[in-house]
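Let me begin by presenting the structure, written as structure tokens, before commenting on it.
Below, each value reflects all heavy atoms present in this structure, side chains not excepted, and no hydrogens, waters or symmetry copies. When a residue number appears, it is its place in the shown sequence, counting from 1.
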Amino acid sequence: MVKNFKIQRCITYYEKNGDEYIADNVILEEDFSLDELKEIFGSFENDLLLYHQYNIDAEIAHKLNNKIEFVFDFEKYDYFLETFNVADDAELGNGIRLRDN
């Protein structure tokens, strides 16, 4: 049986000293469309769907916080925009990502 997948974008954060994965916060399409994310992160000709990992700095965090509530702590963590495939029937926001299964 072929399983269908959908895209899940997250703010993923890692321990600053040691690079250990801490957690992620799902970015819903209702909050940010792909075009809005491209505008925030820049135009990328070789990555039109933003599948690569992108660093989130204080300037980008401010733009994200205009639409979502998320507390960034840049002294403790490094933040990234990451994109994952999740099973189409998976509930978004439960932290289940294809790479973790």
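The main-chain N or O of Leu48 is found under 3.5 Å from a side-chain atom of Lys38 such that the two form a donor-acceptor pair. Between the Thr83 side chain and the Leu50 main chain, a donor and an acceptor come within less than 3.5 Å of each other. Here the side chain of Asn25 pairs no donor or acceptor atom with the backbone of Phe70 at under 3.5 angstrom.
Annotation: side chain to side chain contact (heavy atoms under 4.5 Å, CB included) contacts of Lys67 (sequence neighbours excluded): Phe32, Glu36. Residues passing the side chain to side chain contact (heavy atoms under 4.5 Å, CB included) test with Asp19, sequence neighbours excluded: Asp78. Residues passing the side-chain hydrogen bond (donor to acceptor under 3.5 Å, both in side chains) test with Glu15, sequence neighbours excluded: none. For Lys76, the side chain to side chain contact (heavy atoms under 4.5 Å, CB included) partners are Asp73, not counting sequence neighbours. By the ring-ring contact (aromatic ring centres under 6.0 Å, His included) test, Tyr77 is found to be paired with Tyr13, residues two or more places apart in sequence or in another chain being considered. With sequence neighbours excluded, no residue forms a ring-ring contact (aromatic ring centres under 6.0 Å, His included) with Tyr51. Remark: Glu59 pairs with Asp57, Lys63 by the side chain to side chain contact (heavy atoms under 4.5 Å, CB included) rule, at least two apart or across chains. For Tyr54, the side-chain hydrogen bond (donor to acceptor under 3.5 Å, both in side chains) partners two or more places apart in sequence, or in a different chain, are Asp47.
Taking CD of Gln8 as the reference point, atom CD of Glu29 lies at 10.5 Å (rounded to 0.5 Å). Between atom CD1 of residue Ile40 and atom CG of residue Leu81 there is a gap of 9.5 Å, rounded to the nearest 0.5 Å.
At a threshold of 4.5 Å between non-hydrogen side-chain atoms, the residues Thr12 and Tyr21 count as touching. Residues Asp35 and Glu39 are not in side-chain contact: their nearest non-hydrogen atoms beyond the backbone lie 4.5 Å or more apart. For the pair Phe84/Ile7, no side-chain contact is recorded, criterion being any heavy-atom separation below 4.5 Å from C-beta on.
Between Phe74 and Phe72, the ring planes are parallel. Angles under 30° get that label, and only those over 60° would be called perpendicular.
Between Cys10 and Asp24, the shortest heavy-atom contact is CB-CB, 3.9 Å.
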- Item | Test side chain to side chain contact (heavy atoms under 4.5 Å, CB included) applied to Leu37 and Arg9, step by step | CA-CA 10 Å; Leu37 289 172; Arg9 289 189 176 81; 3.5 Å; yes

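Following chains of ILVMFWY side-chain contacts shorter than 4.5 Å, one cannot reach Tyr79 starting from Val71, and the two form parts of different hydrophobic clusters.
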